[in-house]
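Worth saying up front: this structure is predicted, and the values here are computed from it rather than measured. Whatever order the structure lists them in is the order used to number ligands and atoms, beginning at 1.
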Amino acid sequence: MNDQPNDAGDQLAASTSEASLRRTEARSAEIEAQIAKDPSGFRVMTGDRPTGNLHLGHYFGSLANRVRIQDAGVDTFILIADYQVITDRDGTGPIQERVLSMLADYLAIGIDPAKSTIYAHSAVPALNQLLLPFLSLVTDAELRRNPTVKAELEATGDRPMSGLLLTYPVHQAADILFCKANLVPVGKDQLPHLEQTRVVARRFDERYGRVDPARPIFPQAEALLSKASTVLGLDGTKMSKTKGNVLEIGMDADTTARLVKKAVTDSDRFITYDPEKRPEVSNLIMLVSLCTGQDPVAIAAGLGDAGGGGLKKLVTEAVNEFFAPIRARRVELAADPGYLMSVLRTGNAHANEVGDATLAEVRAAMNMTY
Ligand code: TRP
């Protein structure tokens with residue numbers, strides 16, 4: 001093994017440095033241009049934990065981007081990461097319900113099961129089996145240094161580190177590598193996972209050689225950083241279910257109106273777009289902008305001295321209008337769990353075919369074909 005495990009912690013830390021981030025951003029722009037020319041060389045893999053309903057932060061931060069990539073013709077794998085739910089909590093909660101609800105969200109916003117493979121962790125044994133050889137390629141020291149593991153551990157308060165939390169970057173490497181994805185749309189916080197995934201792929205190759213000398217078994221997966229602006233919660237901090245500041249994709253119009261009314265603004269009646277000095281007001285303006293396509297400065301100018309009340313009225317209208325067709329589709333989908341389950345089963349079956357083929361190659365490389 002040329003790649004000493006101890007170097008990897010530094011590599012992971014380096015993957016979040018400013019210079020490295022700039023490089024990743026520049027590379028993402030190149031990849032976008034390549035996708036527009038010819039999407040056939042890419043396989044995208046991404047996913048979410050089914051811990052609660054998807055919200056507008058998810059929609060504008062990542063989901064809309066996924067639909068765009070799918071519609072550009074990129075082969076897309078979307079994981080409902082049910083096993084990852086138990087990385088940082090003690091039980092699965094109402095998991096069936098949440099998985100189907102997440103699936104309804106996906107389909108309602110335009111993820112098309114004819115173009116994208118949607119599947120669950122627990123339904124793809126080959127994916128999980130990859131974890132075993134992969135774990136032999138990392139050290140506990142490098143996992144403990146992983147910035148995402150550290151952040152998750154801190155977020156769970158006094159809960160001791162579980163084996164699954166410690167090894168979660170390796171599980172995520174298996175998520176990406178089981179289908180040989182070469183492109184992963186992520187936010188900055190997930191970049192260490194991608195670096196870890198590349199390290200695992202490289203070390204596997206170095207340790208076990210190649211079935212085909214010209215071709216590594218696993219690709220070096222790249223991040224696709226989205227340009228999307230972050231939508232904050234109704235109190236101007238990160239949108240997150242635990243903070244109760246969320247607008248869910250599937251909320252009805254009245255609930256949306258009620259919650260927006262409670263949003264935090266400030267005492268200056270004259271509305272301006274100034275994310276630095278007026279984060280709460282500016283975030284609400286940004287929401288209108290994302291829903292209507294209008295420029296945030298123009299929106300603010302149009303509101304003038306309409307105050308927080310005027311701004312909130314506009315937010316409610318814009319969100320409710322933009323999400324009306326999505327919500328109507330979602331209501332129909334949610335009423336048909338049989339259909340949702342059939343979509344999931346079809347996706348699971350395809351993921352299993354792909355995963356079994358990868359595992360067969362892994363076994364061949366490890367000389368464990370019996
Ligand atoms: N860790 C991601 C999250 O918390 C979800 C996820 C699981 C994922 N496996 C993945 C994302 C693989 C990208 C690629 O949201």
Among His121, Gln84, His171, which one puts a heavy atom closest to atom 7 (C) of ligand 1? Gln84
Assess Arg202 against Tyr208: is NZ or CZ under 6.0 Å from the centre of the six-membered ring, and within 45 degrees of the ring's axis? no
Could you tell me whether the side chains of Gln172 and Gln84 share a donor-acceptor contact shorter than 3.5 Å? yes
Residues passing the side chain to side chain contact (heavy atoms under 4.5 Å, CB included) test with Ala201, sequence neighbours excluded, are Leu177, Phe218, Gln220
Run the salt-bridge test on Asp266 and Arg278 with the 4.0 Å N-O cut-off and return the result as yes or no. yes
Tell me the protein heavy atom at minimum distance from atom 9 (N) of ligand 1, and give that distance in Å. Asp175 OD2, 2.7 Å
Please list, in number order, the atoms of ligand 1 under 4.0 Å from a heavy atom of Val184. 13 (C), 14 (C)
Residue that, paired with Val170, satisfies side-chain contact (heavy atoms from CB on, under 4.5 Å) out of Leu130, Leu137, Leu143: Leu143
Note: Arg27-Glu32 ion pair, threshold 4.0 Å (strictly below): no
Just jot down the ligand 1 atoms closer than 4.0 angstrom to any heavy atom of Met45, in number order. 12 (C), 14 (C)
For atom 15 (O) of ligand 1, find the nearest protein heavy atom and state the residue, atom name and distance (0.1 Å precision). Gly47 O, 4.3 Å
Heavy-atom nearest pair, Ser122 first then Asp82, reads OG-OD2, 2.6 Å
Check each atom of ligand 1 against the heavy atoms of Leu79 and keep those under 4.0 Å away; list them by number with element. 9 (N)
Going by atom types only, do Thr237 and Asp235 share a side-chain donor-acceptor pair under 3.5 Å? yes
Hey, is ligand 1 close enough to Thr46 that some N/O pair sits below 3.5 Å? no
re atom 4 (O) of ligand 1, the protein heavy-atom contact at minimum distance is Arg49 NE, 3.0 Å
Check whether any N or O atom of Asp48, backbone or side chain, sits under 3.5 Å from an N or O atom of ligand 1, and answer yes or no. no
State if Gln190 counts as touching ligand 1 under the rule of any non-hydrogen atom under 4.0 Å. yes
Could you find the nearest protein heavy atom to atom 10 (C) of ligand 1 and give me its residue, atom name and distance? Gln172 CD, 3.4 Å
